[in-house]
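Naming convention: chains lettered A, B, ... in sequence-line order (proteins, then strands); numbering from 1 in each chain.
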Amino acid sequence: MTRPTAAARRPRPTLATIPRPAPAYAEQAPTAELLHRLGRLPHGDGHWSALRAEIVRRHLSLVRALAWRFRDRGEDLDDLVQVGTLGLLHAIDRFDPGRGAEFTTYATPTIVGELKRHLRDRAGTVRVPRRLQERHAAVSRASVHLYQRLGRSPTVHELAVETGTTDEQVLEALESAQAHTTVPLDTTDPGESHDTADALDGVEYRAALRPLLDRLPPRDKRILVLRFFAHRTQSEIAAELGISQVQVSRLLTRTLTTLRAALAE
Amino acid sequence: MAELATDEDLVVLTVPADGAYLSVLRTATAGLAARLHFTLDEIEDLRIAVDEACAMLLAGAPAGTELTCRFEVTQGTLTIAVSVPNTGQRLPGTETFAWMVLTALAGTVSSSVSDGYATIWLTKQRDGA
């Protein structure tokens, strides 16, 4: 943790990371002195910004140390440092140097408060812990290997054996994946692929459906047609499109929800 | 995972007839299908099928009622019966896209509207079972 007095005397090598170069005089002065000067400058002024950036720079190691304490809460450390830096900025803006307190003594609870509030707010939104993300990545990779090795989609138990986990852990990973899997951007050629066109040929389906299918993004439409008109399995579609089977499942779910809403109109 | 104790197990879940509870049914579906050694493809298909079937039923379920999901677990086969109280709604016909989707996902699908309840049955057989 940085003591302000020590920090003030030691020039830092990380100057390049601050948005605006601090004036030369700021480099030498103690932090308490800088805070005094900051209080007298008009907010938003160029000197004020530079001085504030210098004070932030001097306390980044304090922010990192505090953020580190919360590293096990499933949040990325870099994100925590950002949140902590926000707390630091609040502390700088509210600090009254006239009161004679050490700035770090004042700033520490403000930074910790900001981190805690952030984590509490996060708790309400669903967030996948890193551990689960990693497990899902492992399960996803294993499902591709096993599909190639077995020539069919693997069972949950086979995935557990392959990844050295339990059936329950595999299910848990799949469950989290359903809700949170991100799907790479659709880079499919917008032209209709042959397999899509062939599958739709000769299939009688409600006239209402065709315009809805045509409004879908090309990849979504292709997946839907391959699964329901060409009767391909999710794994086969995944292999063909170069995405994971869970991603296929998620895209199918999304497309069906869209179609259901559109057909109900 | 422990083998099933008997030839036929029955799991019945009752949730409020509200889309917010579908995730509970999806999770149960995946867990039971995994017990039967269904493949990932089959599990994900079933999960979507349950979603579709429930969406069909919820469209006509009166507010404040319950949706009942009954899972029959036998060797190699999972039969899922979803039902809601019915007040005269009609389920999508077998010629509709929704029905076609359901059949592709679950295998065998049937429905009935009787005794004040609308029910959809999904029967999925494990590949090679």
- Let me see the working for B:E44 and A:R227 under salt bridge (charged side-chain N to carboxylate O under 4.0 Å, His left out), right down to the final yes or no. CA-CA 12 Å; B:E44 293 301 326; A:R227 180 68 195 85; over 6 Å; no
- Item | B:D51 and A:L256, any side-chain heavy atoms less than 4.5 Å apart | no
- Between atom OG1 of A:T155 and atom CZ of B:R126, what is the distance when rounded to the nearest 0.5 Å? 9.5 Å
- Message: Is A:S143 in contact with chain B via its backbone, its side chain, both, or neither, using a 4.5 Å heavy-atom distance?
- Response: side chain
- Query: Would you call A:R260-B:E52 a salt bridge at under 4.0 Å N-O?
  - Reply: yes
- Task: Go through the atoms of A:L146 and report whether side chain, backbone, both or neither lie under 4.5 Å from a heavy atom of chain B.
- Result: neither
- Task: State the OG1-CG distance between B:T39 and A:L159, to the nearest 0.5 angstrom.
- Result: 10.0 Å
- For A:R152 and B:D41, what are the C-alpha separation, side-chain angles and deciding distance, and is it a salt bridge (charged side-chain N to carboxylate O under 4.0 Å, His left out)? CA-CA 9 Å; A:R152 59 160 171 83; B:D41 273 342; over 6 Å; no
- Query: Going by heavy atoms in the side chains, are A:E172 and B:T27 under 4.5 Å from each other?
  - Reply: no
- Message: Over 60° means perpendicular and under 30° means parallel, so tell me whether B:F97 and A:F228 are parallel, tilted or perpendicular.
- Response: perpendicular
- Message: One thing to verify: whether A:D167 and B:R35 come together as a salt bridge, which I'm taking to mean a side-chain N less than 4.0 angstrom from a carboxylate O.
- Response: no
- Query: CD1/B:I48 to OG/A:S249 distance, rounded to the nearest 0.5 angstrom?
  - Reply: 4.0 Å
- Message: Does atom OH (A:Y106) have a neighbourhood of more than 12 heavy atoms from anything else shown, all under 6.0 Å?
- Response: yes
- Okay, B:I43 and chain A: the region with an atom under 4.5 Å from a heavy atom over there is side chain
- Query: What distance separates A:Q234 CD from B:E42 CD, expressed to the nearest 0.5 Å?
  - Reply: 10.5 Å
